[in-house]
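Okay, structure first, notes after.
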Protein chains: 2
Amino acid sequence: MPSRTLPEAFAESRRAFIEAGGNTTQSLGMGRIIGQIYALLYLSPRPICLDEIVDELGVSKASVSTAVRQLAGWGAVKRVWVKGDRRDFYEAETDFGAIMRNGVLDVIRKKLSTAGTQLAKIEESLKAAQASHNGEANEELALLAARLKRAKKFHDKLNSVLGSSLLEHLL
Amino acid sequence: MPSRTLPEAFAESRRAFIEAGGNTTQSLGMGRIIGQIYALLYLSPRPICLDEIVDELGVSKASVSTAVRQLAGWGAVKRVWVKGDRRDFYEAETDFGAIMRNGVLDVIRKKLSTAGTQLAKIEESLKAAQASHNGEANEELALLAARLKRAKKFHDKLNSVLGSSLLEHLL
DNA sequence: CCTTTCGTTCAGTCTACACTGAACAAATCT
DNA sequence: AGATTTGTTCAGTGTAGACTGAACGAAAGG
């Protein structure tokens with residue numbers, strides 16, 4: 001028979017871990033529920049259904065529904081079917097490296113991509129300016145062109161680093 | 001004499017670049033002013049004083065004051081003294097790699113560090129639980145211990161990757 | 001010494017977005 | 001078929017934090 005202090009001490013560690021997960025994702029700009037849900041699943045020995053998450057965390061079903069889908073979207077959580085139960089169950093992907101490779105890096109790449117789109121638009125707009133200027137020397141214009149080129153170069157470098165398998169190999 | 005369309009086309013490119021900077025930093029969870037200020041300085045052939053930034057961007061002096069200090073904090077912007085002018089002038093650090101190494105990575109490392117602190121606290125709390133339990137086998141407790149260990153291991157891995165000069169060499 | 005010019009600070013406002021509640025759709029059971 | 005259970009959606013709320021305005025302090029000029 002377990003001692004009386006065991007359950008509380010265990011529950012406390014568990015609660016702290018879940019809270020830490022929430023703090024982490026919140027500090028990264030995604031809400032705190034995301035991290036809490038992942039932590040909860042990460043510590044669970046068995047798949048958990050949506051309503052159980054709701055009870056455990058004391059948040060709305062709507063939040064859990066959307067958050068869980070996000071997590072599944074980047075492979076941090078997997079849907080699991082339990083026989084004889086029509087509810088959806090979820091379990092955590094415990095391989096952090098896999099989550100990084102499949103999910104997180106994609107998010108970063110996407111942000112980089114939108115930045116690249118903006119740079120391309122500016123480059124076009126700049127070409128128009130250079131065309132209408134046609135041969136005249138203009139200090140500011142030349143600087144803008146040079147700096148834009150630099151920015152694009154760095155953008156490409158980031159892209160290649162993120163695209164290379166080197167980074168994935170590290171995680 | 002410059003053609004009439006040159007100034008507008010130039011200004012448009014410039015405006016778009018500044019806006020792109022704002023969009024980028026905003027999408028990264030830091031405000032949009034930060035990126036706008038950096039972009040403005042990045043495109044300027046000469047150091048710029050605080051009030052000029054205020055005029056150019058149409059934001060409050062308070063915002064510029066704090067934002068500029070943040071930028072200077074992680075080496076993205078340098079204070080410059082102009083002789084015969086007691087105002088503070090600023091210019092951009094144009095080496096993105098240097099900004100990454102000196103500023104951005106430190107921010108990430110700091111976030112990692114606070115996460116590590118939380119993990120350490122949980123580990124201690126868990127040790128207490130294990131002590132009071134003293135020899136009994138408990139599935140949940142064992143799982144929590146195992147998963148915590150995994151989490152710490154990954155945390156350490158991230159730390160070493162960020163600490164290694166390899167990453168800095170890439171940027 | 002008073003005035004002016006700059007930069008910072010801080011209490012308050014505004015805004016983006018995480019989060020909620022209730023209505024809804026879909027699937028299963030009786 | 002209706003009734004019940006389960007997940008999603010969406011308009012609305014709450015809130016964290018970016019941003020502002022006014023008051024302040026510090027430094028230089030008159």
Side-chain angles (χ1 to χ4, degrees), chain A residues 18-19 21-41 47-74 76-91 107 111 114, chain B residues 18-19 21-41 47-74 77-91 107 110-111 114:
Chain A
I18 292 173
E19 188 179 327
N23 291 340
T24 302
T25 51
Q26 183 154 35
S27 90
L28 293 176
M30 34 197 14
R32 89 182 177 289
I33 290 186
I34 295 260
Q36 289 180 335
I37 293 178
Y38 178 78
L40 176 63
L41 293 172
I48 298 185
C49 73
L50 200 149
D51 279 316
E52 203 175 339
I53 300 177
V54 170
D55 290 348
E56 193 90 36
L57 299 182
V59 293
S60 78
K61 204 151 110 172
S63 299
V64 176
S65 176
T66 59
V68 147
R69 203 178 18 204
Q70 276 198 57
L71 284 166
W74 20 298
V77 149
K78 288 176 297 186
R79 252 206 189 84
V80 165
W81 283 268
V82 172
K83 75 170 187 334
D85 200 322
R86 66 189 178 92
R87 293 175 295 181
D88 294 343
F89 284 76
Y90 301 93
E91 64 179 18
V107 173
K111 285 188 190 293
T114 71
Chain B
I18 292 172
E19 188 180 327
N23 291 340
T24 302
T25 51
Q26 182 154 36
S27 90
L28 293 176
M30 31 195 18
R32 90 181 177 292
I33 290 186
I34 295 261
Q36 288 180 336
I37 293 178
Y38 178 78
L40 176 63
L41 294 172
I48 299 185
C49 73
L50 203 149
D51 278 317
E52 203 174 340
I53 300 177
V54 169
D55 290 347
E56 192 91 37
L57 300 181
V59 294
S60 78
K61 203 152 115 173
S63 298
V64 176
S65 176
T66 60
V68 147
R69 198 162 14 153
Q70 276 198 56
L71 284 166
W74 21 296
V77 149
K78 287 175 296 186
R79 251 205 190 85
V80 165
W81 282 269
V82 172
K83 74 169 188 334
D85 200 322
R86 65 188 179 92
R87 291 175 295 180
D88 293 344
F89 284 77
Y90 300 94
E91 65 180 18
V107 174
K110 186 155 192 175
K111 285 188 189 291
T114 70

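Just so you know, these numbers use all the heavy atoms, side chains as well, and skip hydrogens, waters and symmetry mates. So that the names make sense, note that chain A is the first sequence line, chain B the second, and so on, each numbered from 1.
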Can you give one letter per nucleotide of nucleotides 11-19 of chain C, 5' to 3': B if a protein heavy atom sits under 4.0 Å from the base, S if only from the sugar-phosphate, - if neither? -------SS
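Within 4.0 Å (heavy atoms only), R86(A) reaches at least one base atom of the nucleic acid.
Close approach of DNA chain D to chain B, defined as any atom under 4.0 Å from a non-hydrogen atom of the protein, starts and stops at dA18(D) to dA28(D).
When rounded to the nearest whole Å, the span between CD of E52(B) and C1' of dC6(C) equals 15 Å. The distance between atom CG of D88(A) and atom P of dT28(C), rounded to the nearest whole Å, is 11 Å. Taking atom CZ of residue R87(B) and atom P of nucleotide dT8(C), one finds them 14 Å apart after rounding to whole Å. Rounded to an integer number of Å, the gap from CG of D85(A) to P of dT28(C) is 12 Å.
Listed for the K111(A) side chain is a donor-acceptor partner under 3.5 Å among the backbone atoms of S27(B).
Of the residues I37(A), I33(A), V68(A), the one that meets the side chain to side chain contact (heavy atoms under 4.5 Å, CB included) test with S63(A) is I33(A).
In this structure, T25(B) and G35(B) approach most closely via the heavy-atom pair OG1-N, 3.2 Å.
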Please determine whether side-chain contact (heavy atoms from CB on, under 4.5 Å) holds for the pair E91(A) and L41(A), giving the CA-CA distance in whole Å, both sets of side-chain angles, and the decisive distance to 0.1 Å. CA-CA 6 Å; E91(A) 64 179 18; L41(A) 293 172; 5.8 Å; no
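The CZ atom of R79(B) lies 4.5 Å from the CG atom of D88(B); values are rounded to the nearest 0.5 Å.
Side-chain atoms of I48(A) and Y90(A), non-hydrogen and from C-beta on, never get closer than 4.5 Å to each other. Put simply, the side chain of N23(A) does not reach to within 4.5 Å of the side chain of R32(A), judged on heavy atoms.
D85(A) meets the salt bridge (Lys or Arg N to Asp or Glu O under 4.0 Å) test with R87(A); sequence neighbours excluded.
With distances taken from any side-chain atom of S65(B) to the nucleotides dA22(C), dC6(C), dT9(C), the minimum falls on dT9(C).
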